[in-house]
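Read the structure below first, then the notes.
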Amino acid sequence: MLEDKSQELTPISKLGEFGLIKHLTENFPIVQNSTKLSIGDDAAIIDAEGQKVVISTDMLAEGVHFNLGYVPLKHLGYKSVVVNLSDIAAMNATPTQILVSVAVSNRFPVEALEEIYDGIALACNRYKADLIGGDTTSSNAGLVISVTAIGLEKEENIVKRNGAKPNDLLVVTGDLGGAYLGLQILEREHSVYLANPNMQPEMEGYDYILERQLKPEARTDIKKKLEELDILPTSMIDVSDGLASEILHLSDQSKVGFNVYEEKLPMDETMIHTADELNLNPAMAALNGGEDYELLFTISSSDFDKIKNHPDFTIIGHATETNAGNFLIARGSNQLIPLTAQGWDAFLNKE
């Protein structure tokens, strides 16, 4: 989706692979002291200076993770970085560098890749991450973007998924379900457009949930806020595949169960109204929607007074013994509903 289709477009073959890489990356500044050698050599060099290196990678494939019928290329570039930085934030580490690899077919001109890299540059600037390498290659199956994110942190501050203990409090940042409802609106309006290209999309009033889907943010700010509260989580994960799925991951890795209270799930008013409009259960959207990129973590019950009533955090449940299972406690009752993983699965779901 190019913003200006009146310009003459440049075929990738005109620049070639190495010329394309140089063209797309030559204006990325280096801001991290740990970056000692960046793009231009056979490999990059990072000096960790006594810290542990945290690494994560994610791949976004056209037709699986995004639909270019309604996803702007600049937003796609931004989001491809954010989803990886979110994983670094979920380890309680600080993102410092990224590597970006793109596989693209000849139906994309150079200008399309420029838009993707403009989004990548915005994310790098927003999160102070250096682009230090990557690759480009041709593709016979549409556009694929793979990003590897690198972060640094002292070993004692890194938070894994396996540290939760019985009676720990289960906490989530922000609100949930907005990205999923934003996707439903985009899919609805795209279907209308395909049926009648003369119809104007009805997007008014959905700004917040559309942004949650198209331009999410990684919660790299949470690390500092927890430090200010003198709280180190006992386990943590980001909410990318759906809250229920992430709870089950923490349960599996920490060998505990969880009770989650439906009435405690944080949901934005626009998300709730949109769910009602589409005849969807907002609580189920919050539990299973995915792509919120909030952080889900556990803390010791002794930290309750430090975090209660904080605007960035919501206590949604607590950990139980290993064999107790994982349950949603229904709103207004004591009914226990078993939690199941109904969120995103790239091998089952398609955009």
Side-chain angles (χ1 to χ4, degrees), residues 1-17 19-28 39 57-86 98-127 129 131 133-149 179 182-183 185-191 193-194 197 201 203 206-207 209-218 240 291 293 346 350-351:
M1 296 176 64
L2 290 170
E3 294 177 358
D4 182 4
K5 295 184 179 180
S6 64
Q7 62 179 318
E8 183 178 348
L9 302 179
T10 310
I12 292 174
S13 58
K14 184 175 181 179
L15 295 181
E17 179 184 356
L20 179 65
I21 293 173
K22 182 177 180 181
H23 175 72
L24 294 173
T25 63
E26 60 187 353
N27 294 320
F28 279 75
I39 297 170
T57 189
D58 267 306
M59 184 180 296
L60 300 180
E62 183 180 356
V64 178
H65 300 98
F66 59 88
N67 184 336
L68 290 179
Y70 53 75
V71 176
L73 292 172
K74 193 170 183 178
H75 285 71
L76 178 61
Y78 190 94
K79 184 174 181 177
S80 68
V81 176
V82 164
V83 301
N84 283 273
L85 300 188
S86 181
I98 63 168
L99 298 95
V100 177
S101 294
V102 178
V104 62
S105 68
N106 58 13
R107 70 184 170 93
F108 291 90
V110 170
E111 287 76 11
L113 290 176
E114 287 176 349
E115 288 200 26
I116 293 171
Y117 273 77
D118 282 347
I120 291 170
L122 280 175
C124 285
N125 180 63
R126 163 74 172 81
Y127 294 98
L131 176 64
D135 193 18
T136 61
T137 189
S138 61
S139 166
N140 293 324
L143 176 64
V144 178
I145 304 176
S146 178
V147 177
T148 297
L183 178 62
I185 295 299
L186 289 168
E187 290 280 5
R188 182 187 72 180
E189 296 306 311
H190 183 58
S191 296
Y193 170 79
L194 292 177
M203 300 293 192
Y206 301 115
D207 293 11
I209 59 175
L210 291 174
E211 184 169 349
R212 293 286 281 177
Q213 170 59 219
L214 294 173
K215 189 177 176 289
E217 300 293 352
S240 56
E291 292 199 291
Y293 300 105
K350 296 289 183 67
E351 288 289 342

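Treat the numbers as computed from the prediction; the structure is a model and nothing was measured.
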What's the spacing between Asn67 CG and His190 NE2 if we round to 0.5 Å?
4.5 Å

Apply salt bridge (Lys or Arg N to Asp or Glu O under 4.0 Å) to Glu62 and list each qualifying residue two or more places apart in sequence or on a separate chain.
Arg107

Are the side chains of Asp58 and His65 in touch, meaning some heavy atoms are under 4.5 Å apart?
no

With distance as the sole criterion, is a donor-acceptor pair present between the side chains of Glu291 and Ser240 under 3.5 Å?
no

Answer whether the closest heavy-atom distance between the side chains of Val104 and Leu113 falls below 4.5 Å.
yes

Side chain to side chain, Ser80 and Ile145, heavy atoms closer than 4.5 Å
yes

Rounded distance (nearest 0.5 Å) linking atom CG of Leu194 with atom CD of Glu189
11.5 Å

Which value, rounded to the nearest 0.5 Å, describes the distance between Leu24 atom CG and Ile120 atom CD1?
8.5 Å

Nearest 0.5 angstrom please: Tyr78 OH to Asn125 CG, how far?
9.0 Å

Check whether any side-chain heavy atom of Lys14 sits under 4.5 Å from a side-chain heavy atom of Val110, and report yes or no.
no

State, with a plain yes or no, whether a side-chain heavy atom of Ile116 is found less than 4.5 Å away from one of Phe108.
no

Could you verify whether a donor N or O on one side chain and an acceptor N or O on the other, from Ser146 and Ser101, lie under 3.5 Å apart?
no

Given Leu60, which of Val144, Leu76, Leu143, Val147 fulfils the side chain to side chain contact (heavy atoms under 4.5 Å, CB included) condition?
Leu76

Heavy-atom pair with the smallest gap, counting every atom of His75 and Leu214
CB-O, 3.7 Å

Any side-chain heavy-atom pair of Lys79 and Lys215 under 4.5 Å
no

Here the pair of heavy atoms bringing Ser86 nearest to Tyr293 is OG-CD2, 3.8 Å

List the atom of Ala103, the atom of Ser138, and the distance in Å for their closest heavy-atom pair.
CB-O, 4.4 Å

Atom pair CG (Leu68) and CG (Leu73), whose distance is rounded to the nearest 0.5 Å
6.0 Å

With heavy-atom distances below 4.5 Å as the criterion, would you say the side chains of Val82 and Pro216 are in contact?
yes

So, does Tyr127 use its side chain to make a donor-acceptor pair with the main chain of Ala218 at under 3.5 Å?
yes

Any side-chain heavy atom of Tyr70 within less than 4.5 Å of one from Tyr193?
no

Identify the two heavy atoms, one from Gly133 and one from Ile39, that lie closest to each other, and give their separation to 0.1 Å.
N-CG1, 3.4 Å

Between Ala149 and Leu85, what is the shortest heavy-atom contact and its length?
CB-CD2, 4.0 Å

Go through Ile209 and Gln213 one step at a time and tell me if the side chain to side chain contact (heavy atoms under 4.5 Å, CB included) criterion holds.
CA-CA 6 Å; Ile209 59 175; Gln213 170 59 219; over 6 Å; no

Closest non-hydrogen atoms of Phe28 and Cys124, given as atom of the first, atom of the second and distance, are CE2-SG, 4.1 Å

How far does CD of Glu111 sit from CG of Asp118, to the nearest 0.5 angstrom?
11.5 Å

Are any of the side-chain nitrogens in Arg212 or Glu217 under 4.0 Å away from the carboxylate oxygens of its partner?
no

